[in-house]
There are 2 protein chains.
Amino acid sequence: MNLPPLVQSFVLHFGEMGSRWGINRTVGQIYALLYVTPEPLNADQIVESLGISRSNVSMSLRELQAWNLVLLKHLPDDRRDFFTTPDDVWQILRTLAEERKKREVDPTLSVLREILMQQPASDAERHAQERMAEMHGLIERLTTWYDDVKKLETDRLATLLTLGAKVTRLLEAKDKIVSLGRSKRSPDKA
Amino acid sequence: MNLPPLVQSFVLHFGEMGSRWGINRTVGQIYALLYVTPEPLNADQIVESLGISRSNVSMSLRELQAWNLVLLKHLPDDRRDFFTTPDDVWQILRTLAEERKKREVDPTLSVLREILMQQPASDAERHAQERMAEMHGLIERLTTWYDDVKKLETDRLATLLTLGAKVTRLLEAKDKIVSLGRSKRSPDKA
DNA sequence: CAGTTATTTCAGTAATTACTGAAATTACGA
DNA sequence: TCGTAATTTCAGTAATTACTGAAATAACTG
């Protein structure tokens with residue numbers, strides 16, 4: 001591997017983290033390299049930079065494409081494939097969230113749904129189904145929220161993030177106003 | 001493996017998903033089993049239920065404990081260890097988020113910080129640092145938000161989730177009120 | 001079309017990770 | 001203290017995953 005020291009640290013770190021993130025070392029390294037490099041790179045440049053086999057680069061790029069984490073570019077008068085990552089880190093975040101959901105959450109959601117359709121044949125199964133229903137309920141809530149939030153334009157999403165838990169204060173305020181209005185017109189029965 | 005069919009489906013699914021979630025098959029299966037079983041189980045019961053070796057169970061329980069996903073219980077007049085999962089799925093979610101952040105995000109954050117401290121020695125390094133700064137900024141924003149939100153009590157968190165993107169409407173309303181107030185007193189210069 | 005370059009595929013091998021059984025350790029109870 | 005039950009450790013092996021090099025395929029060019 002022959003890279004500027006700062007780049008190398010970054011690339012090696014992504015390689016090490018790869019396994020924790022559900023990708024492998026090479027995939028992590030290639031992603032990191034593309035991310036910090038200003039111009040798109042072709043496969044041979046990656047081979048050169050990371051000191052790995054051509055076939056490994058080919059397979060890893062395919063993997064990164066499956067994750068939608070990489071863009072294929074073509075330069076004029078050059079028939080080689082060049083690759084980069086999207087510039088916008090928010091877009092990267094969205095892609096990452098979408099793909100992880102698809103791989104890590106959706107399959108479980110559908111298995112849970114399937115099991116919950118069945119008739120329990122014992123107390124054990126009845127109890128198990130109850131627990132699965134709780135899990136299913138939580139996951140559904142989370143994914144509904146996610147589907148909702150992912151539609152926001154980036155600057156609104158950023159606002160939402162910055163606001164964080166402060167939103168609840170806003171909610172409290174709203175509650176007060178609402179209950180105030182209600183108490184004027186028709187006070188709570190409880 | 002000798003389990004009621006519904007339980008078995010669930011357990012096998014968690015086993016299969018294990019690798020995608022960064023845990024292994026056995027750990028996933030044990031977790032699933034404990035999650036749906038009403039009473040705490042001891043190691044031998046797990047061996048029995050899943051048909052795996054005693055030592056594997058021991059190691060996997062240790063792993064689950066490292067994740068804080070499992071509770072150790074003791075029954076009176078029985079010196080064996082019994083295990084369950086917490087009842088509250090929201091609590092489980094919090095633990096999961098915390099542990100994944102610790103393992104998957106924090107190390108990268110600290111590597112980024114370290115690299116960003118260094119003096120770039122070339123244009124390539126300068127550009128790479130800019131990209132890393134973008135990534136660092138985004139991750140910091142996300143973790144700040146997370147630190148903020150995780151402090152909320154569960155019902156507030158649930159409200160926030162249910163509200164989802166609708167919050168932005170509330171924000172728009174607030175913006176209007178604020179800008180209205182401002183325009184009365186001292187209109188924008190821009 | 002033949003020759004050249006770029007990319008992919010895939011069988012074999014290397015590296016890593018998961019699991020087992022036997023032995024060691026720990027924690028009691030008589 | 002000795003014996004027994006519970007748990008852990010760990011060396012060896014099995015299973016899985018990652019990677020390579022050679023061969024095949026695809027995409028162009030003259």
Grab the [atom1]-[atom2] distance between [X] and [N] for me, whole Å please.
| X | N | atom1 | atom2 | answer |
| --- | --- | --- | --- | --- |
| A/Arg80 | D/dT29 | CZ | P | 13 Å |
| A/Asn42 | C/dT7 | CG | P | 7 Å |
| B/Asn24 | C/dT17 | CG | C1' | 8 Å |
| B/Gln29 | C/dA18 | CD | P | 13 Å |
| A/Leu50 | D/dA18 | CG | P | 17 Å |
| A/Arg25 | C/dA14 | CZ | P | 15 Å |
| A/Asp81 | C/dT8 | CG | C1' | 11 Å |

- Query: Got a second to check how far B/Leu6's CG is from A/Glu114's CD, nearest 0.5 Å?
  - Reply: 11.0 Å

- Query: Which heavy atom of B/Ala128 sits nearest a heavy atom of A/Val7, and at what distance?
  - Reply: CB-CG2, 3.7 Å

- If the sugar-phosphate is the primed atoms plus P, OP1 and OP2 and the base is the rest, what is the B/S/- string for nucleotides 20-30 of chain C, using protein heavy atoms under 4.0 Å? BB-----B---

Are [X] and [Y] within salt-bridge range, i.e. N to O under 4.0 Å?
| X | Y | result |
| --- | --- | --- |
| B/Arg103 | B/Glu99 | yes |
| B/Glu140 | B/Arg113 | yes |
| B/Glu98 | B/Lys101 | no |

- Judged by nearest nucleotide, the residue sitting upstream toward the 5' end of DNA chain C, A/Phe82 or A/Ser19, is A/Phe82

- Start at the 5' end of DNA chain C and walk down; is the nucleotide closest to A/Phe83 or to B/Ser60 reached first? A/Phe83

- Message: Can you see if the side chain of A/Ser58 gets near the phosphate of C/dT8 - specifically, an N or O under 4.0 Å from OP1 or OP2?
- Response: yes

- Item | Check: B/Gln129 side chain, B/Gln118 main-chain N or O, donor-acceptor pair, under 3.5 Å | yes

